[in-house]
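We count residues from 1, following the sequence as given.
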Amino acid sequence: MTSRTPRDSRLRLVPRQPVAAARRAVTTRAKRQAPRPPEGTPPPAELARQARAVLAGAARLARWADSVGAGAAGGSLRAGPDGALPKAAAERAAEALGLTPHQVRIDWDRARLAGLVELHDGLARPGWRLRAWDRDDTAVLRGWVALFDAWSLARPAPAGAGPAIVAEVVEALPQLLSLLHLSAGPVRLPVLLDMLDQRVAELRTERCEVPYGQDQGGADEATAAGDAAGASLAALLDWALDALRTVGALVPPDGAEAAHDASEAQLTPLGNWSVWVKLEQICVAAQSPAGHIEQSAEAMLRGCARLTPGPARTEYRAWLAARSVGAAVEELLTVARGEDALLRGLAFEALRAVGAPAEAAVRAAADEPGLRPYALLWLVEHEGGDPETAPDVLTREESTWLWVDTAAAVADHGETQLLVRHLDSAVQGSVPRLLEEVRAVGHPRTVQVLVALAAAHPDPALAKAVRRAAFQVHTGGI
């Protein structure tokens with residue numbers, strides 16, 4: 001005989017895996033075979049050795065900062081407002097490591113860009129890559145790639161260069177790096193300068209920047225005047241190549257690895273490998289059935305929903321490699337603000353592929369109620385923590401909101417059995433308490449989720465209680 005009162009069914013408490021639960025709502029596809037690097041590329045162990053050599057000073061300074069911070073009153077070394085090392089700390093490090101304060105500041109910037117040092121509310125803490133520096137070649141290579149991606153911060157731009165032309169050069173440089181990679185040898189600077197000139201012209205044509213109320217001639221004159229007032233493209237090319245040499249992506253003019261002079265540029269093995277990885281990611285995405293690289297963030301995420309996490313991350317990175325970081329992060333967050341809960345979770349998965357450059361935008365998104373649970377979990381994982389073993393990451397209300405949001409993703413994209421099993425991931429200990437808190441959390445999809453759960457659950461008494469809760473939310477009752 002079935003009881004008419006809702007059963008106090010105990011719910012098995014399991015780690016929160018909102019995106020994993022939503023991803024099970026769609027089918028998976030077989031993994032692709034990993035491509036092999038070009039012939040002559042050193043093995044990963046050798047590439048990691050070279051990366052450690054490039055970042056040796058940064059790792060040494062990060063360890064010093066860790067040792068000094070461990071004995072500090074606050075438990076960490078405090079950086080300046082702009083993230084730079086304070087003058088007193090730079091002088092202490094210079095004395096302890098036998099360097100000049102200028103060298104210390106350079107190594108500090110490299111350590112931050114490579115993830116060896118992380119700042120949390122102004123306090124410098126060792127990054128997870130520093131802990132794995134001597135034993136994990138993959139972590140070392142990823143740290144160097146992060147430094148390589150931030151090459152434009154390695155050297156100040158030429159005096160007088162406006163931000164617009166500097167941004168155009170930064171956006172045009174991947175094409176020059178592709179030429180260097182495909183050439184498999186030194187390339188003359190006039191060839192690079194000619195390609196840079198063409199690419200910058202293409203970027204300006206694509207934008208079609210014609211100020212309102214001016215004819216085309218007026219716009220051209222304004223652009224020309226702005227360029228004349230700043231640095232030339234030749235000077236900006238020299239700046240870019242010098243910055244790439246600084247991060248270890250280009251062979252220095254007097255390097256022993258290749259016989260060429262300052263009028264030529266050539267990638268180091270590290271630089272060649274990194275450019276190949278990025279080109280391979282772009283090619284993989286371009287060859288996918290959906291053509292993700294050319295699509296919007298929403299279309300790309302919908303295409304990746306049917307992939308397992310590994311291939312999906314490859315697609316994310318390829319899509320990101322074809323865009324500026326700022327624009328890509330903003331586009332992903334715009335999708336996350338939409339109504340599709342599955343895309344919201346996948347957008348934050350894609351933001352994990354962005355890494356540190358997305359941290360500021362994700363922290364800002366944590367102030368939005370609809371994105372806060374995802375943003376907090378992202379930040380904990382970014383800082384080296386494990387959200388599944390940190391129960392205080394989310395409040396009870398935030399965990400309940402995330403449960404409803406994930407249930408909405410499953411209801412929209414999955415099977416009824418998945419929605420029933422989703423009960424196991426709730427943080428509440430019983431169905432009545434779950435329904436009580438779900439009604440109070442105020443998620444916009446609460447009614448639809450409860451109706452779908454009631455229709456899917458095989459227990460008549462529990463289904464009736466869930467339907468009653470859905471009706472109460474719909475009518476505004478308690």
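Within a 6.0 Å sphere centred on CD of Glu368, heavy atoms belonging to other residues, nucleotides or ligands number more than 12. Heavy-atom contacts from other residues, nucleotides or ligands closer than 6.0 Å to CZ of Arg142 number 12 or fewer. Atom CD of Glu46 has more than 12 heavy atoms from other residues, nucleotides or ligands within 6.0 Å.
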**Item:** Audit row: Asp66, Arg131, salt bridge (Lys or Arg N to Asp or Glu O under 4.0 Å) steps and yes/no
**Value:** CA-CA 11 Å; Asp66 184 23; Arg131 304 300 189 195; 3.0 Å; yes
**Request:** Go through Val117 and Leu130 one step at a time and tell me if the side-chain contact (heavy atoms from CB on, under 4.5 Å) criterion holds.
**Result:** CA-CA 8 Å; Val117 171; Leu130 182 64; 5.9 Å; no
**Prompt:** Could you walk me through whether Leu237 and Leu176 pass the side-chain contact (heavy atoms from CB on, under 4.5 Å) check?
**Reply:** CA-CA 10 Å; Leu237 176 62; Leu176 274 66; 3.7 Å; yes
**Request:** Just do the side-chain contact (heavy atoms from CB on, under 4.5 Å) check on Glu349 and Leu301 with the steps written out, would you?
**Result:** CA-CA 10 Å; Glu349 272 198 357; Leu301 292 174; over 6 Å; no
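Annotation: the span from Trp403 atom CH2 to Leu394 atom CG amounts to 15.5 Å, rounded to 0.5 Å. Remark: Leu173 CG to Met195 CE distance equals 11.0 Å, nearest 0.5 Å. From Leu233, atom CG reaches atom CG of Leu196 across 5.0 Å, with rounding to the nearest 0.5 Å.
Arg372 contributes no side-chain N or O that, together with a main-chain N or O of Asp367, makes up a donor-acceptor pair within less than 3.5 Å. Side-chain N or O atoms of Thr268 include one that pairs as donor or acceptor with a backbone N or O of Gly248 at under 3.5 Å. With hydrogens and angles disregarded, a donor-acceptor distance shorter than 3.5 Å links the side chain of Arg344 to the backbone of Gly338. Between the side chain of Glu398 and the backbone N or O of Thr395, at least one donor-acceptor pair lies under 3.5 Å.
Under the 4.5 Å side-chain criterion, counting only non-hydrogen atoms from C-beta, Glu264 is not in contact with Leu241. Side chains of Leu141 and Leu270 form a contact here, defined as non-hydrogen atoms less than 4.5 Å apart. A 4.5 Å side-chain heavy-atom check between Arg92 and Leu85 finds every atom pair outside the cut-off. In this structure, the side chains of Leu402 and Leu377 come closer than 4.5 Å at one or more pairs of heavy atoms. Annotation: side chain of Asp107 is not in contact with side chain of Leu97 (no heavy-atom distance under 4.5 Å). Residues Val54 and Arg110 form a side-chain contact, since some pair of their non-hydrogen atoms from C-beta on lies under 4.5 Å apart. By the 4.5 Å heavy-atom criterion applied to side chains, Arg302 and Asp340 are counted as neighbours. The shortest distance between side-chain heavy atoms of Val247 and Leu113 does not fall below 4.5 Å.
Pairs of residues two or more places apart, or lying in two chains, that qualify as ring pair (Phe, Tyr, Trp, His ring centres under 6.0 Å) and include a residue from residues 332-357 are Phe348-Tyr374. Annotation: ring pair (Phe, Tyr, Trp, His ring centres under 6.0 Å) contacts involving residues 145-164, sequence neighbours excluded, comprise Trp144-Phe148, Trp151-Trp239.
When all heavy atoms are compared, the tightest approach of Ala114 to Arg129 is O-NH1, 3.1 Å.
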Can I get a per-line list of side-chain donor-acceptor pairs under 3.5 Å for residues 320-334, giving both atom names and the distance, sequence neighbours left out?
from   : atom 1 : to     : atom 2 : distance (Å)
Arg323 : NH1    : Ile293 : O      : 3.0
Arg323 : NH1    : Trp319 : O      : 3.0
Arg323 : NH2    : Ile293 : O      : 2.9
Arg323 : NH2    : Gln295 : O      : 2.9
Glu331 : OE2    : Ala297 : N      : 2.8
Thr334 : OG1    : Glu330 : O      : 2.8

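Between Gln198 and Glu202, the side chains place no donor N or O within less than 3.5 Å of an acceptor N or O (distance only, hydrogens not considered).
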